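Worksheet for the structure shown next.
Note that the coordinates shown come from a computational prediction; the quantities given were computed from them, not determined experimentally. Just the heavy atoms: all of them, side chains too, but no hydrogens, waters or symmetry mates, feed the values below. All ligand and atom numbering here is 1-based and tracks the order in the structure.
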Amino acid sequence: MLDKDQTQKPWDSLWFNARVATMVAGDKPYGLIDHGAIGIIDEKIVWVGETSQVPKEQLALCQNQMDCMSALATPGLIDCHTHIVYGGERIDEFEMRLNGASYSEISKAGGGIASTVSATRLSTEDALFDSAKQRINSFLNEGVTTIEIKSGYGLDLETELKMLRVARRLGRELSLDVSTSFLGAHAIPAEFKNRSDDYIDYICRDVLPLVAADNLADSVDAFCEDIAFSAQQIERVFRCAVSHGLSLKLHAEQLSDQKGAVMAAEMGALSVDHIEYLAEDDVAVIKRNDTVAVLLPGAFYFLGETKLPPVAALRSQGVSIAISSDANPGSSPVSSLLLMLNMACTLFKLTPEESLAGVTRNAAKALGLASEVGTLEVGKLANMVLWSLENPAELSYRIGHNPCQKVMYRGKVR
Ligand code: DI6
Ligand code: FE
């Protein structure tokens, strides 16, 4: 574990006497080091091991040494699927659904995503930035150090670019990393009613090339559903994305089985998300392509879904499972990633260890960032959280409790 070059140079920080859940996959649950220590230089972790093994010279040289008093340290949390930039809210629809309307019915009647699109088009860039910043604050307070943000409430060139610029600005101005996804194929905008193929042409020809040219997106996502786009239509968008060097992600099998996940996995997608209606027979294709299964218990819960994702098959075939908030105004108005850990356990029967891996190691993989974040290992970014608890399972156990004590983001205490 000792990086030889770093034994001479003084570390910038040292956290010691921590229960370090490295989340490195292996024999030990949570990759746990009971009396662990972590050495940091600049933005990176340079040493991880037992406190008793910390090189003597560092005890003399390192200026910032913190006794963690046996508190739990984990990697910074990663929320790998959000729609947190948007205008307006959808409280009225919540009431409509409780009066008997379904999510699909509201969508077909011109509500749903379309109503957020109208509000987002009317919002200024600053207003979108300010409201998203407020929502993100709750996530920062829970130790989130990386968040993914999608567009998809613009559905025209101007507003899609506006949303992505806001997402990039959030990454520059807040102390967390933002990964962005272009979700132009989220819904069919009113201007293209009954002309979904024309809208796909428009995205591929007029929008995606500009998104790529301005480096506004890391990935391209889409919504594969009968109220949105077919797997065939999305395949066209994905081919265009690949030609621009962008990664792929997909909202797949959320409300019905459209065989979108199989198409996405075979095209090398980083992740397929939701997947309540994924057929067990298709899990092997997800595994073969090393695509991450992203489960979104907030949307499952809020929409009153009863069809469970095929967790047992995902687990038995060794598919990487991530957990995320899906934060959005329609299907998952969620402000807490810790709550998602609890719900992943209670609703989807994940273990607390699987849940924590779902917002650390596997969430990093779902964003193509596995070499930079997601575990506490030498060479990775020093993004980590100190929690006022000892047992990592407690992160999934408590409901509505935030034990976050300290967050380090890129080597600096936030
Ligand atoms: N599925 C979802 O759950 C979100 N998008 C999607 O494709 C919901 C978006 C919304 O209802 O505003
Ligand atoms: Fe989503």
Are any of the side-chain heavy atoms of Pro209 and His244 separated by less than 4.5 Å?
yes

Between Asp177 and Tyr409, does any side-chain donor sit less than 3.5 Å from a side-chain acceptor?
yes

Ser179 and Glu148 side chains, donor-acceptor separation under 3.5 Å
no

Looking only at the side chains, is there a donor atom on one of Glu305 and Tyr277 sitting less than 3.5 Å from an acceptor on the other?
yes

Using a distance-only test with no angle check, is there a side-chain donor-acceptor pair under 3.5 angstrom linking Asp273 and Ser271?
yes

Using a cut-off of 2.8 Å, count how many protein N, O or S atoms are strictly closer to the Fe ion (ligand 2).
4

Is Arg97 positioned over the aromatic face of Phe302, cation under 6.0 angstrom from the ring centre and no more than 45 degrees off axis?
yes

Just list the N/O pairs, ligand 1 to protein, that are under 3.5 Å apart, with the distance for each.
residue: ligand 1; atom: 1 (N); partner: Gln254; partner atom: OE1; Å: 2.8
residue: ligand 1; atom: 3 (O); partner: Gln254; partner atom: NE2; Å: 3.0
residue: ligand 1; atom: 3 (O); partner: Asp326; partner atom: OD2; Å: 3.3
residue: ligand 1; atom: 3 (O); partner: Ser331; partner atom: OG; Å: 2.6
residue: ligand 1; atom: 5 (N); partner: His186; partner atom: NE2; Å: 2.8
residue: ligand 1; atom: 7 (O); partner: His186; partner atom: NE2; Å: 3.2
residue: ligand 1; atom: 11 (O); partner: Arg90; partner atom: NH2; Å: 2.8
residue: ligand 1; atom: 11 (O); partner: Tyr103; partner atom: OH; Å: 2.4
residue: ligand 1; atom: 12 (O); partner: Arg90; partner atom: NH1; Å: 2.8
residue: ligand 1; atom: 12 (O); partner: Arg90; partner atom: NH2; Å: 3.3
residue: ligand 1; atom: 12 (O); partner: Tyr153; partner atom: OH; Å: 2.6

pair Val283-Pro310: side-chain heavy atoms closer than 4.5 Å:
yes

For Gly36, does its backbone N or O pair with a side-chain atom of Arg19 as donor and acceptor, under 3.5 Å?
no

With a cut-off of under 6.0 Å to the ring centre and 45° to the axis, is Arg135 in cation-pi contact with Tyr86?
yes

